[in-house]
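These notes concern the structure reproduced below.
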Amino acid sequence: MSNTLRNDRLLRALKRQPVDCTPVWLMRQAGRYLPEYRATRAKAGSFLAMAKNPEIACEVTLQPLARFDLDAAILFSDILTIPDAMGLELYFVDGEGPKFRHPVRSAADVEKLAVPDMETELRYVMDAVRVIRRELDGKVPLIGFSGSPWTLACYMVEGGGSKDFARIKAMALNDPATLHRLLSINTDSVIAYLAAQRAAGAQVLQVFDTWGGVLSPAMYREFSLPYLTRIARELPRGDIQERTPLILFGKGNAAHLEALADSGAEAIGVDWLVELSEARRRTGGKVALQGNLDPAVLYGSPEAIHEQVRNVLASYGQGSGHVFNLGHGMSPDMDPEHVGVLVDAVHALTARA
């Protein structure tokens, strides 16, 4: 496993150091839009069969890097590995997404939960990190990740995805102590999980607060923000020189940028509903910023993609501390050729002589 990175743009940008061009990686860059991914999935039989086999997880992680000049690999896994390891039994229904056989609905259900052992119940994730680091051999950094405590709780209480999040919002209103207990267990688990990924070789860590934006500002400050802050402050990441950067990404997090910038994380990922110029002004240079192209731009023509990339870069402006990404993940029906246009445009438009 090489410790020398041939491309360290991402690490430099996350530390707000100068770079030769803006680094770019994409949420869901390893996924169903790639024909080679679909072929691997057909052979493996299911998403979970791929995620739980370290060799296949490595193969899928590396697929987009063979096609595109990306500045990072991101571990192929799922945000719901933690609750699955807690015994909730994750499964997938075609067209409906993830489900749990044993959702968490009561204080008694919460009391049965415990932080999983990272090298037994979740060893397949750590083994995947180790295999990917070995195979990358220093080409680009590897990003490890987790779901946020609130986002994990959403799936755990709802039993899957949701349109209105009625069950978990009812728990927040009617039994907040139970929800806080669940969030506390989730936070302990996320800290242990990310620390184990770091120990296994992950060089950047990201927390996905996908459903933070469904909360009112007051409820976000009670049920999501304190737990994200705990992760940022308690996750062991090394000393200043060798510190492993932490990115907090949230869909719909624009109302909370100042608080997130004060959390202790190195970077904040933002969606496309806030201008990067505004995000930069409001975070005051405390953190790097990641984002924030609307994923739907990939349905546009190559010329339109190029123009929208230019707009995002112009909004961030001059100086270091920007990682180009989408404001959310890619969709399965996107054209791989368009992804190549995006990646190349970022590098071409930001190349520094």
Side-chain angles (χ1 to χ4, degrees), residues 27-28 47 78-113 145-190 193 206-231 248-257 259-260 263 268-274 294-296 326-329 331:
M27 289 183 276
R28 292 202 208 119
F47 173 86
D78 193 85
I79 63 168
L80 300 179
T81 50
I82 288 174
D84 182 50
M86 288 176 172
L88 274 60
E89 282 191 41
L90 177 65
Y91 68 103
F92 287 82
V93 177
D94 281 346
E96 293 182 43
K99 306 260 185 192
F100 285 119
R101 293 190 205 284
H102 309 294
V104 175
R105 297 281 162 78
S106 66
D109 291 338
V110 172
E111 287 312 308
K112 291 180 200 160
L113 301 175
F145 70 91
S146 169
S148 72
W150 163 258
T151 293
L152 295 180
C154 286
Y155 286 101
M156 293 164 81
V157 173
E158 298 291 340
S162 176
K163 286 190 167 62
D164 55 13
F165 298 90
R167 287 182 190 274
I168 192 160
K169 287 187 176 181
M171 184 183 282
L173 295 162
N174 301 329
D175 191 2
T178 291
L179 181 52
H180 279 299
R181 176 76 188 122
L182 172 58
L183 291 165
S184 182
I185 295 167
N186 284 355
T187 303
D188 291 342
S189 300
V190 168
Y193 187 54
Q206 174 158 311
V207 175
F208 285 86
D209 192 25
T210 310
W211 298 125
V214 305
L215 289 165
S216 70
M219 288 181 85
Y220 180 92
R221 288 191 296 270
E222 181 175 357
F223 295 107
S224 185
L225 181 62
Y227 298 100
L228 292 171
T229 301
R230 249 197 73 202
I231 293 165
L248 300 180
F249 166 75
K251 204 169 163 211
N253 64 359
H256 310 286
L257 292 174
L260 289 165
S263 67
I268 307 301
V270 293
D271 68 17
W272 63 96
L273 299 178
V274 59
D294 181 348
L326 303 173
H328 196 242
S331 298

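Quick caveat: nothing in here was measured; it's all calculated off a predicted structure. Reckoned from all heavy atoms, side chains included, excluding hydrogens, waters and symmetry mates.
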**OP:** Check whether any side-chain N or O of D209 sits under 3.5 Å from a backbone N or O of S148 as a donor-acceptor pair, and report yes or no.
**Re:** no
**OP:** Considering non-hydrogen atoms only, spot the tightest contact between G327 and P295 and give its length.
**Re:** N-CD, 4.3 Å
**OP:** Determine yes or no for a side-chain-to-main-chain donor-acceptor pair under 3.5 angstrom, with R105 supplying the side chain and E158 the backbone.
**Re:** yes
Subject >> Nearest-0.5 Å distance, CG of residue L215 to CZ of residue R221 >> reply: 11.0 Å
Original post:
Counting N and O atoms only, with roles assigned by atom type, does the side chain of W150 sit under 3.5 Å from a partner on the main chain of W211, one being a donor and the other an acceptor?
Top reply: yes
**OP:** Please assess Y227 against L152 for the test side chain to side chain contact (heavy atoms under 4.5 Å, CB included), listing each intermediate value before the final yes or no.
**Re:** CA-CA 12 Å; Y227 298 100; L152 295 180; over 6 Å; no
Original post:
Is any NZ, NE, NH1 or NH2 atom of the basic residue among R181 and D109 found under 4.0 Å from an Asp or Glu carboxylate oxygen of the other?
Top reply: no
Subject >> Rounded distance [0.5 Å steps], CG in L88 versus CD1 in I82 >> reply: 12.0 Å
**OP:** Calculate, to the nearest 0.5 Å, the distance between atoms CE and OG belonging to M171 and S106 respectively.
**Re:** 7.0 Å
Subject >> Worked check of side chain to side chain contact (heavy atoms under 4.5 Å, CB included) between E222 and L183 >> reply: CA-CA 11 Å; E222 181 175 357; L183 291 165; over 6 Å; no
Subject >> With V214, the side chain to side chain contact (heavy atoms under 4.5 Å, CB included) member among K163, K169, M219 >> reply: K169
Original post:
Where the side chain of D84 meets the backbone of L80, is there a donor-acceptor pair that is under 3.5 Å apart?
Top reply: no
Subject >> Donor-acceptor under 3.5 Å (T229 side chain, S263 main chain) >> reply: no
Subject >> Minimum heavy-atom distance between G159 and P103, given as atom pair plus value >> reply: CA-CB, 3.8 Å
Original post:
Short question: side chain of S184, backbone of H180 - any donor-acceptor pair under 3.5 Å?
Top reply: no
Original post:
Can you tell me how far CZ of F208 sits from CE of M27, rounded to the nearest 0.5 angstrom?
Top reply: 6.0 Å
**OP:** For residues S162 and A166, report the shortest heavy-atom separation together with the two atoms involved.
**Re:** OG-N, 4.3 Å
**OP:** Check whether any side-chain N or O of D271 sits under 3.5 Å from a backbone N or O of K251 as a donor-acceptor pair, and report yes or no.
**Re:** no
**OP:** Any chance you could lay out the ring-ring contact (aromatic ring centres under 6.0 Å, His included) test for F100 and Y155, step after step, and finish with the verdict?
**Re:** CA-CA 8 Å; F100 285 119; Y155 286 101; 7.4 Å; no
Original post:
Closest approach of G147 and V190, non-hydrogen atoms and distance?
Top reply: O-CG2, 3.5 Å
Original post:
For the residue pair H102 and G87, what are the closest heavy atoms and their distance?
Top reply: CD2-O, 3.4 Å
Subject >> Residue pair Y193 / T81, side-chain heavy-atom distance below 4.5 Å >> reply: yes
Subject >> Exercise: identify the closest heavy-atom pair between P149 and N186 >> reply: O-ND2, 3.2 Å
Subject >> Euclidean distance, L326 CG relative to W272 CH2, rounded to 0.5 Å >> reply: 9.0 Å
**OP:** Go through the steps to decide whether K112 and V104 satisfy the test side chain to side chain contact (heavy atoms under 4.5 Å, CB included), and finish with yes or no.
**Re:** CA-CA 10 Å; K112 291 180 200 160; V104 175; over 6 Å; no
**OP:** Look up atom CE in M156 and atom CD1 in I185, then write down how far apart they are to the nearest 0.5 Å.
**Re:** 7.5 Å
Original post:
Which is it for I268 and N253 under the side chain to side chain contact (heavy atoms under 4.5 Å, CB included) test, yes or no, and what are the steps along the way?
Top reply: CA-CA 10 Å; I268 307 301; N253 64 359; 4.0 Å; yes
Original post:
Is any side-chain heavy atom of H256 less than 4.5 Å from a side-chain heavy atom of S224?
Top reply: no
